[in-house]
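The next block holds one structure in the form of structure tokens; read it before the comments.
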Amino acid sequence: MNSSPVTNTDRIGLGAWAALGLLQIAWHGWLFPPQTMPIWLALAITVVPLLLPLSALRKVRRALLWTGILSLFYFCHGVAEAWSAPDERAIASLEIVLTLLLIGTLGAGVRRPHT
């Protein structure tokens, strides 16, 4: 079974996915490490879920779909942190932007039937 070619929209989604993962590492591992739990646990909670869709990467659209679904959690996390942690507002806003970009690429990549 042939997988569909990777489009520019898919590439943007893949970039947003990668950036979201790197953001989690920078945020929780370096810039604002947690005060009440080990760093490895915070990274496991925030990074490991983003690695799970890699198992579907042979079908890029499917992997992006799963990542888009997961990104709803990150969107909520970004909104909560932007609202409640003024020091982390900029990085939380970046998390929100990346999740919206990722979800937006899913919508932009939908093929509509010809009528």
Side-chain angles (χ1 to χ4, degrees):
M1 178 180 222
N2 261 345
S3 60
S4 58
V6 178
T7 65
N8 286 335
T9 303
D10 294 338
R11 286 184 183 91
I12 293 169
L14 291 169
W17 178 12
L20 188 59
L22 293 173
L23 178 70
Q24 299 308 311
I25 293 168
W27 187 349
H28 302 292
W30 177 46
L31 297 172
F32 295 99
Q35 303 298 311
T36 58
M37 71 170 62
I39 291 174
W40 68 265
L41 182 58
L43 291 174
I45 291 168
T46 58
V47 176
V48 171
L50 289 171
L51 299 177
L52 296 176
L54 287 174
S55 64
L57 198 54
R58 288 190 309 165
K59 296 182 180 179
V60 172
R61 298 296 302 159
R62 179 166 293 191
L64 286 174
L65 174 63
W66 282 109
T67 307
I69 293 167
L70 283 170
S71 73
L72 297 173
F73 162 77
Y74 295 93
F75 175 80
C76 293
H77 175 259
V79 169
E81 290 298 319
W83 181 264
S84 65
D87 292 341
E88 298 177 40
R89 190 163 291 144
I91 198 164
S93 297
L94 181 57
E95 182 177 47
I96 293 167
V97 168
L98 289 172
T99 58
L100 291 175
L101 180 62
L102 180 56
I103 293 167
T105 61
L106 290 172
V110 172
R111 293 184 179 88
R112 288 162 181 59
H114 298 290
T115 55

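Residue indices begin at 1 and follow the sequence shown.
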Check: residues 19-31 side-chain donor-acceptor pairs under 3.5 Å, at least two apart:
from	atom 1	to	atom 2	distance (Å)
Q24	OE1	H28	NE2	3.3
Q24	NE2	E95	OE2	2.8
W27	NE1	E88	OE1	2.8

Please list every donor-acceptor pair under 3.5 Å in which a side-chain atom of residues 39-56 meets a protein atom from a residue at least two apart or in another chain.
from	atom 1	to	atom 2	distance (Å)
T46	OG1	A42	O	2.9
S55	OG	L52	O	3.1

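At a threshold of 4.5 Å between side-chain heavy atoms, the hydrophobic network of Ile, Leu, Val, Met, Phe, Trp and Tyr places F32 and V97 in two separate groups. Clustering ILVMFWY residues whenever any of their side-chain heavy atoms sit less than 4.5 angstrom apart, transitively, puts L106 in the very cluster that holds L14.
Heavy atoms from other residues, nucleotides or ligands lying under 6.0 Å from CZ of R89 number more than 12.
Contact between E81 and A92 at its shortest, heavy atoms only, is CB-CB, 3.9 Å. When all heavy atoms of G13 and T105 are compared, the closest pair comes out as CA-OG1, 3.5 Å.
In this structure, the side chain of T7 engages the main chain of D10 through a donor-acceptor pair within 3.5 Å.
Here I69 contributes atom CD1 and L102 contributes atom CG; the two are 10.5 Å apart, rounded to the nearest 0.5 Å. Between the CD1 atom in I103 and the CG atom in L98 there is a gap of 11.0 Å [rounded to 0.5 Å].
Hydrophobic side-chain contacts under 4.5 Å tie F75 into a cluster, directly or through other members, with V79, I96, L100.
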